[in-house]
Amino acid sequence: MEKSFEPAQIESTWYARWEASGAFKPSGQGEPYCILLPPPNVTGTLHMGHAFQQTVMDMLVRYQRMRGMNTLWQVGTDHAGIATQKIVENQLAVEEKTRHDLGRDAFVERVWKWKEESGSTITHQMRRIGAAADWSRERFTMDEGLSAAVRKVFIDWYRAGLIYRGNRLVNWDPALGTAVSDLEVNNVERDGHMWSIRYPVSGSDESLVVATTRPETMLGDVAVAVHPEDERYAHLVGKTLKLPLSDREIPVIADDYVDKDFGTGCVKITPAHDFNDYAIGQRHKLPPITIFTLDAKVNDNAPAKYQGLDRYDARKQVLADLEALDLLVETKPHKLQVPVSQRSDAVIEPMLTDQWFVDLTSDKGRKEITEPALDAVRSGEIRFVPENWANTYTQWLDNIQDWCISRQLWWGHRIPAWYDEAGNIFVGEDEADARANATSEPVGALRQDDDVLDTWFSSALWPFSTLGWPLDGPVKDAHGNVVADWQHDKIFLPSAVLVTGFDIIFFWVARMVMATKYFTGRIPFREVYINAIVRDAEGQKMSKSKGNTLDPLDLIDGIALEPLVAKSTRSLLIPQVRAKVEKRIRKDYPDGIPAIGTDALRFTFAALASYSRTINFDIKRAEGYKAFCNKLWNAARFVLMNVSSPLPTGEGSKPATEAERWILTRLSQTLAEVEQHFVSYRFDHLAQALYEFVWNEYCDWFLELAKPALNGDDTEAAASTRHTLLVVLEAVLRALHPVIPFITEEIYQDVAPRLGLVEINVYARPYPRPADFASDAAASAEIEWFKAVLSGIRKIRSEMNIAPGKVIPLLLADGDAADRTRATKFAAQIAFLARVETPRWIETGADEPATAAAVVGSLRVLIPLAGLIDLGAEKARLAKEITRIEVEIKKCEGKLGNANFVANAPAEVVAQERQRITDWNTQLAALREQAGKLST
């Protein structure tokens with residue numbers, strides 16, 4: 001092995017070898033275990049959220065593969081309709097062209113060309129973090145096989161009466177000219193105004209005052225609503241108002257939606273441009289009036305004066321005209337939530353348009369699609385982790401609306417529907433199929449619908465379309481390679497676990513359950529692990545506008561300060577913001593970001609992966625886990641230097657020392673913990689258990705405990721110790737491999753030959769099980785005593801600043817017969833490792849010199865002060881230790897004094913707390929006695 005651990009050199013070679021060897025493909029042996037990658041946008045690049053989520057999936061896949069499961073990590077990318085189309089349209093804009101200049105077919109061809117040239121960035125980046133995915137089965141949501149699945153689902157649902165076309169209110173992006181989903185809308189707080197406007201009562205001197213943040217929409221008002229129990233306006237309900245700036249009259253209606261205590265208690269109703277108003281309009285059978293064109297200009301339904309004006313220019317004109325008529329009562333500043341398109345930054349306009357919908361709310365839709373998806377979770381067939389997210393899922397489905405599935409784009413799955421000249425709809429695989437399945441003869445020629453399907457529509461089919469459904473035979477990619485075969489691959493449905501974020505429970509998780517249950521009769525996955533969202537070290541959301549995003553590849557490879565500043569401020573256009581971000585980066589990263597390597601980054605993600613909703617990523621913690629990798633590397637070098645050649649068969653296979661039996665016991669116990677943490681998805685606890693075992697017990701203790709045997713005259717102990725050093729190290733490499741795959745593979749290459757192992761890669765070895773390593777409670781108790789004695793001596797030496805190499809006297813006092821037996825047994829090891837003289841007992845009643853003390857049970861471990869230690873410093877140290885133990889006792893007493901804890905905690909946990917109090921009190925008494933002796 002090289003002297004130092006250099007991640008870049010290791011990582012650059014191993015992943016390519018793994019992939020080339022077919023290591024990530026299903027083995028065909030064992031129980032099927034499948035994970036579906038949430039398909040990232042083909043336009044995307046790897047960000048911290050991706051890296052975190054994919055590390056979790058990779059740990060699970062590698063672990064289950066080593067446990068003998070037939071594993072498939074199904075990967076692929078999403079065609080990302082809006083995002084991808086926008087990229088190519090921006091390219092055309094540079095050429096001073098639009099998509100309309102090319103025409104639909106040529107534009108789509110250009111998008112495919114972009115996809116082939118630039119659409120695989122994120123999949124290459126996934127390889128950098130070690131994703132053990134089967135790339136030979138990589139899918140794309142618009143490849144031929146998945147497109148066939150999309151068409152079949154649309155056609156089957158349409159013919160079953162579960163898809164329909166209707167004129168409904170949707171989120172409309174006027175810049176992109178398409179409907180968008182709620183997920184693609186950000187509600188942004190902005191400074192605005194609240195305008196109060198007087199609406200005169202027809203034929204009366206009375207008037208009502210309404211408040212609005214969007215005065216231009218009054219041109220489409222159809223009513224003013226008040227609360228049914230509002231006595232102020234009861235006499236006006238049923239009467240009409242003169243709509244200002246218009247020659248229309250509108251009714252006053254009563255509706256429970258109105259909050260009579262908010263503002264004036266009067267609400268203007270514009271059903272064509274507000275979702276709440278639309279619902280009120282439906283209840284009161286008020287015909288909506290659309291006043292905007294699809295590019296957000298005032299249309300012909302408004303008075304002529306405003307027609308053709310942009311919505312914000314219309315606002316200015318409306319306000320000016322209201323003021324001139326003395327109908328503008330008040331203008332005041334107001335903070336408001338503005339719906340903004342993620343894709344274009346345009347303000348979303350609720351708009352009535354003709355769209356396609358999946359029926360999820362009628363009796364038929366609920367019974368056939370919605371209820372089965374609800375039942376799958378309510379019955380426990382699908383389990384959420386953490387379980388509270390099941391409530392989020394069920395509450396949304398209980399209150400679900402029909403799903404708008406059409407988008408006014410050119411890039412995507414074109415809706416397989418045709419219209420005749422009379423507007424009749426015909427649906428089929430192609431025009432011929434649509435005609436063949438028509439219930440009536442089309443009138444004239446047919447033209448295909450121009451719209452495409454929502455990206456989430458094809459994503460909803462991901463669990464089964466990627467496995468080859470609905471085709472009967474093998475599915476091949478563009479190169480002729482088989483990527484799926486439903487008849488064989490359906491063994492992977494349901495998949496084991498879906499790892500995803502809470503923000504797409506509605507948009508993806510629920511819809512996968514709906515589609516998979518309907519078309520295959522199966523659930524898509526057994527468990528849904530909702531991973532946390534990665535934030536910065538201060539808990540702030542990572543965003544380019546704040547300049548606090550971190551590129552995982554910059555953490556892996558490192559980046560100098562100036563390139564980091566340039567990268568973080570590149571997209572910031574406002575000079576003040578740019579300067580602020582640059583200042584913060586120069587302060588936080590004065591030397592840039594040091595390279596920590598993939599393994600350290602992955603270990604950091606594992607250590608942070610708790611059940612919390614968010615995690616704060618601190619680069620200092622990542623640097624700490626690089627130190628862990630270094631520690632493992634150096635420990636391996638120590639072992640390999642002491643076992644320089646393959647061990648003779650059988651030599652040292654039976655542990656001869658208690659230290660060996662102790663470390664094997666602790667290994668077994670740690671592996672039992674790890675097994676439970678994999679089951680519960682507590683990767684933070686898993687990482688901590690492995691960290692503690694490797695760093696503290698194997699490296700800090702066992703390597704030290706091994707030295708007396710390795711350097712002693714007992715050849716049997718030396719041989720068995722060498723064997724155990726190797727065996728435990730090899731097991732550690734296997735246990736750590738799912739978390740830190742690169743370093744474990746590299747070290748394994750030097751360890752395996754010395755143990756005579758035939759597997760050429762660490763992942764080909766079985767994951768270590770607790771039962772593989774014998775436990776020895778007696779030996780563990782002996783070594784724990786020895787560790788406590790050694791730790792006590794070292795603590796005194798450290799706190800009293802005694803030179804590490806100085807051999808010092810050691811006295812022992814009190815204790816019991818077991819302490820005397822152990823002291824004799826371990827005398828040579830204590831002397832060797834603690835740099836002390838042979839321990840000497842002080843008999844009861846004998847004069848005792850002034851000493852510094854450590855307490856192990858009832859045993860006092862004493863270091864004489866004379867010539868070594870300052871008496872005042874030792875008194876201060878004892879006082880500090882006494883205070884610490886008093887705090888621990890209060891903690892235990894607090895738990896045992898809590899009736900709920902005693903009643904509900906497992907009996908063994910309560911017993912453990914009681915034993916801890918006993919042990920702490922024993923130590924406290926001994927320390928107080930020692931402090932008293934120093935004061936006399």
When rounded to the nearest 0.5 angstrom, what distance separates [atom1] in [X] from [atom2] in [Y]?
X	Y	atom1	atom2	result
Ser147	Leu461	OG	CG	10.5 Å
Leu493	Thr520	CG	OG1	5.0 Å
Leu146	Phe464	CG	CZ	9.5 Å
Thr178	Arg407	OG1	CZ	6.0 Å
Lys86	Asp173	NZ	CG	9.5 Å
Asp105	Arg110	CG	CZ	15.5 Å

Problem set entry | Output field: ring centroids Trp418/Phe426 closer than 6.0 Å |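 No, the ring of Trp418 stays outside the 6.0 Å limit from the ring of Phe426, centre to centre.
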Problem set entry | Ring centers of Phe384, Trp389 separated by less than 6.0 Å |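 Judged by ring-centre distance (under 6.0 Å), Phe384 and Trp389 do not meet the cut-off.
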Look at [X] together with [Y] and state whether they make a salt bridge at an N to O cut-off of under 4.0 Å.
X	Y	result
Asp433	Arg159	yes
Glu381	Arg522	no
Glu216	Arg311	no
Arg414	Asp450	yes
Arg383	Glu387	no
Arg283	Asp255	yes
Asp398	Arg378	yes
Lys364	Glu368	yes

Check whether any side-chain heavy atom of [X] sits under 4.5 Å from a side-chain heavy atom of [Y], and report yes or no.
X	Y	result
Leu37	Trp73	yes
Thr84	Trp114	yes
Phe506	Asp182	no
Arg99	Trp410	yes
Val497	Phe525	no
Asp402	Val358	no
Thr123	Glu138	yes
Trp508	Leu498	yes

Between [Y] and [X], do the side chains contain a donor N or O and an acceptor N or O under 3.5 Å apart?
X	Y	result
Ser406	Gln355	yes
Asp449	Tyr419	yes
Asp78	Trp462	no

Problem set entry | Candidate pair Trp172 and Phe292, rule ring-ring contact (aromatic ring centres under 6.0 Å, His included), full reasoning | CA-CA 11 Å; Trp172 185 263; Phe292 293 129; over 10 Å; no
Exercise. Trp469 and side chain to side chain contact (heavy atoms under 4.5 Å, CB included): which partner among Val153, Thr516, Val475?
Worked result: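 Exactly one pass, corresponding to Val153.
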For this session: Check Val170, Asp454, Ile348 against Val180 for a side chain to side chain contact (heavy atoms under 4.5 Å, CB included) and give me the one that passes.
Result: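 So the option named by the test is Ile348.
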Problem set entry | Residue list, side chain to side chain contact (heavy atoms under 4.5 Å, CB included) with Pro271, at least two apart or on another chain |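 Applying side chain to side chain contact (heavy atoms under 4.5 Å, CB included) to Pro271 gives Val222, Ile269, Pro288.
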Exercise. Taking it one step at a time, do Asn276 and Tyr257 satisfy side-chain hydrogen bond (donor to acceptor under 3.5 Å, both in side chains)?
Worked result: CA-CA 9 Å; Asn276 293 318; Tyr257 168 77; 3.2 Å; yes
For this session: Using the test side chain to side chain donor-acceptor pair (under 3.5 Å), find all partners of Arg511 that sit at least two apart in sequence or belong to another chain.
Result: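 Result, side chain to side chain donor-acceptor pair (under 3.5 Å) vs Arg511: none returned.
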For this session: Assign the ring pair Trp411 / His79 to parallel, tilted or perpendicular, where the plane angle (0 to 90°) is split at 30° and 60°.
Result: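 Rings of Trp411 and His79: perpendicular, over 60°.
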Problem set entry | Parallel, tilted or perpendicular: ring planes of Trp157 versus Phe457, cut at 30 and 60 degrees |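 The arrangement is perpendicular - the two ring planes meet at more than 60°.
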For this session: Determine, step by step, whether Val75 and Asp134 satisfy the side chain to side chain contact (heavy atoms under 4.5 Å, CB included) criterion, reporting the C-alpha distance in whole Å, the side-chain angles of both residues, the deciding distance to 0.1 Å, and the verdict.
Result: CA-CA 7 Å; Val75 291; Asp134 185 358; 5.9 Å; no
For this session: Could you go through the side chain to side chain contact (heavy atoms under 4.5 Å, CB included) check for Asp489 and Thr466 one step at a time?
Result: CA-CA 9 Å; Asp489 293 339; Thr466 53; over 6 Å; no
Problem set entry | Contacts of type salt bridge (Lys or Arg N to Asp or Glu O under 4.0 Å), residue Asp221, not counting sequence neighbours |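 Asp221 satisfies salt bridge (Lys or Arg N to Asp or Glu O under 4.0 Å) with Lys268 once adjacent residues are dropped.
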For this session: May I ask you to check if Arg165 and Phe357 form a cation-pi contact, with NZ or CZ under 6.0 angstrom from the six-membered ring centre and within 45° of the axis?
Result: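 No - Arg165 does not lie over the ring of Phe357 by the 6.0 Å and 45° rule.
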Exercise. With a cut-off of under 6.0 Å to the ring centre and 45° to the axis, is Lys115 in cation-pi contact with Phe140?
Worked result: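 Here Lys115 passes the 6.0 Å and 45° test against Phe140.
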